[in-house]
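Shown next, in structure tokens, is the structure this report addresses.
Predicted, not measured: the structure shown is a model, and the values here were computed from it. Just so you know, residue 1 is the first one in the sequence shown, and it goes up from there.
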Amino acid sequence: MQNMEQARFNMIEQQIRPCEVLEARILELLHKIRREHFVPDGKKALAFMDMEIPLGYGVSMWQPKLEARVLQELHLTRSDRVLEVGTGSGYLTALLSALAAHVTSVEIEPVLSAMAKAHLHAYQRENVALEIGDAACGWGDEKYDAIVLTGSVPLLPEVFQNSLKIGGRLFAIVGSGALMEARLITRVGPDVFETVNIMETSVAALKNAPQPAKFVF
């Protein structure tokens, strides 16, 4: 247990703080929600390393610093309703639900959704709705205060921006190959959006994400 806590401390001090995540409530949350509880069996030793952790189905847990940076950039409040596209292990879901009023998390792979449900059970998250389906081009008609895409998209579908409330924030990683940019898009008016490029990164693509049209001679 002592070694586990030291590894968690090192993760925060050596990976997350250097990534400019300094908000006290987020750093405290990383101590409370145990990342190792969301890592697949046989990979617990990787829980605090600066790397992605494969979950199967072409999906991986993000690097800890990226998860923490998302939380800080979204500036969640206790009244916010959040859409997460890609539940994965459920770890980011747990973090989001600790800061927001409600999280709807959609996962295309039923096995991963079931795994996330099992992981979240210990945290008794009554403000989480786990749903199964393909949300690569949007999900339902609800408007959200915050949306997170946990897979990259070569092209960002406008539906996600249009699913934001006024003042709502969208975190998306846009691009392909090694050229991807994490962006925060804020809806500041009915048809006005502000985009801030947060950092360069590279993560696996969201399954069934829209692709650029190919030029045909």
(request) Measure the shortest side-chain to side-chain distance between Ile173 and Trp62 over non-hydrogen atoms and say whether it is less than 4.5 angstrom. (result) yes

(message) Within the structure provided, determine whether Leu46 and Met49 are in side-chain contact (heavy-atom separation under 4.5 Å).
(response) yes

(request) List the steps, then state whether salt bridge (charged side-chain N to carboxylate O under 4.0 Å, His left out) holds for Arg187 with Glu194. (result) CA-CA 7 Å; Arg187 189 173 198 172; Glu194 291 183 350; over 6 Å; no

(message) Can you tell whether the side chains of Arg34 and Glu5 come within less than 4.0 Å, N to carboxylate O?
(response) yes

(request) Kindly check if the number of other-residue, nucleotide or ligand heavy atoms within 6.0 Å of CD (Glu13) is above 12? (result) yes

(message) Listing request: all side-chain hydrogen bond (donor to acceptor under 3.5 Å, both in side chains) pairs with a residue in residues 137-153, at least two apart in sequence or in separate chains.
(response) Arg81-Glu142, Glu131-Trp139, Asp145-Lys165

(message) Do His37 and Tyr91 pair up side chain to side chain, a donor and an acceptor below 3.5 Å, judged on atom types alone?
(response) no

(request) Report yes if some heavy atom in the side chain of His31 is under 4.5 Å from a heavy atom in the side chain of Leu27; otherwise report no. (result) no

(request) Could you walk me through whether Glu84 and Thr104 pass the side chain to side chain contact (heavy atoms under 4.5 Å, CB included) test, one step at a time? (result) CA-CA 6 Å; Glu84 179 188 31; Thr104 298; over 6 Å; no

(request) Please examine the side chains of Tyr123 and Val128, heavy atoms only from C-beta on, and report whether any two atoms are closer than 4.5 Å. (result) no

(message) Test your reading of the model: is there a side-chain donor-acceptor pair from Lys65 to the backbone of Asp50, 3.5 Å cut-off?
(response) no

(message) Could you check whether any side-chain heavy atom of Asn197 comes within less than 4.5 Å of a side-chain heavy atom of Thr195, counting everything from C-beta outward?
(response) yes

(message) Taking Val174 as the starting point, is it possible to reach Val159 by hopping between hydrophobic residues whose side chains are less than 4.5 Å apart?
(response) yes

(request) Answer yes or no: is there a donor N or O on one side and an acceptor on the other, between the side chain of Gln63 and the main chain of Ile53, under 3.5 Å? (result) no

(message) Tell me if a side-chain donor or acceptor on Ser105 pairs with a main-chain N or O of Leu83 at a distance below 3.5 Å.
(response) no

(request) Answer yes or no: is there a donor N or O on one side and an acceptor on the other, between the side chain of Glu200 and the main chain of Leu179, under 3.5 Å? (result) no

(message) Between Arg78 and Ala100 (side chain of the first, backbone of the second, donor and acceptor by atom type, cut-off under 3.5 Å), is there such a pair?
(response) yes

(request) Could you walk me through whether Ile108 and Tyr57 pass side chain to side chain contact (heavy atoms under 4.5 Å, CB included), step by step? (result) CA-CA 10 Å; Ile108 195 171; Tyr57 304 94; over 6 Å; no

(message) If we ignore hydrogens and angles and just use 3.5 Å, is the side chain of Glu126 paired with the main-chain N or O of Gln124 as donor and acceptor?
(response) no

(message) Test side chain to side chain contact (heavy atoms under 4.5 Å, CB included) on Phe171 and Leu74; report intermediate values, then the result.
(response) CA-CA 7 Å; Phe171 188 96; Leu74 287 176; 4.2 Å; yes

(request) Decide whether Ile147 and Val103 are clustered together by the hydrophobic rule: side chain heavy atoms of Ile, Leu, Val, Met, Phe, Trp, Tyr closer than 4.5 Å, transitively. (result) no

(message) Between Glu67 and Arg35, is there a side-chain heavy-atom distance shorter than 4.5 Å?
(response) yes

(request) Might you point out which heavy atoms bring Glu107 and Gly88 nearest each other, and give the distance in Å? (result) OE1-N, 3.0 Å

(message) Please say yes or no: joined through hydrophobic side-chain contacts below 4.5 Å, possibly via intermediate residues, are Val59 and Val106 part of one cluster?
(response) no

(request) Salt-bridge test for Arg183 and Glu181: reply yes if a basic N is under 4.0 Å from a carboxylate O, no otherwise. (result) no

(message) Tell me the closest heavy-atom pair linking Ala136 and Pro210, and the distance in Å.
(response) O-CD, 4.0 Å

(message) In this structure, would Leu120 and Val148 fall into the same cluster of hydrophobic residues linked by side-chain contacts under 4.5 Å?
(response) yes

(request) Could you tell me which non-hydrogen atom of Ile26 sits nearest to which non-hydrogen atom of Ala68, and how far apart they are? (result) CG2-O, 4.3 Å

(request) Please answer whether the main-chain N or O of Ala146 pairs with a side-chain N or O of Arg169 as donor and acceptor at a distance below 3.5 Å. (result) no

(message) Would you say Ile12 ends up clustered with Leu71 if hydrophobic residues are merged whenever their side chains have heavy atoms under 4.5 Å apart, either directly or through other cluster members?
(response) yes

(message) How close do Ala47 and Pro64 get, counting heavy atoms only, and between which atoms?
(response) O-CG, 4.5 Å

(message) With a sphere of 6.0 Å drawn around CD of Glu20, does it hold more than 12 non-hydrogen atoms of other residues, nucleotides or ligands?
(response) no

(message) Strictly distance-based, threshold 3.5 Å: is any side-chain N or O of Lys43 a donor or acceptor partner for the main-chain N or O of Pro54?
(response) yes

(request) Look at the aromatic rings of His119 and Phe38 and report parallel, tilted or perpendicular, splitting at 30° and 60°. (result) perpendicular

(message) Assess the residue pair Thr186 and Val196 against the criterion (side chain to side chain contact (heavy atoms under 4.5 Å, CB included)); give the C-alpha distance rounded to whole Å, side-chain angles, the decisive distance to 0.1 Å, and a yes or no.
(response) CA-CA 9 Å; Thr186 303; Val196 177; over 6 Å; no

(request) Kindly give the heavy-atom pair with the smallest separation between Ile132 and Ser113, and that separation in Å. (result) CG1-OG, 3.7 Å

(request) Please report the shortest heavy-atom distance between Ala98 and Ile33, naming the atom on each side. (result) CB-CD1, 4.1 Å

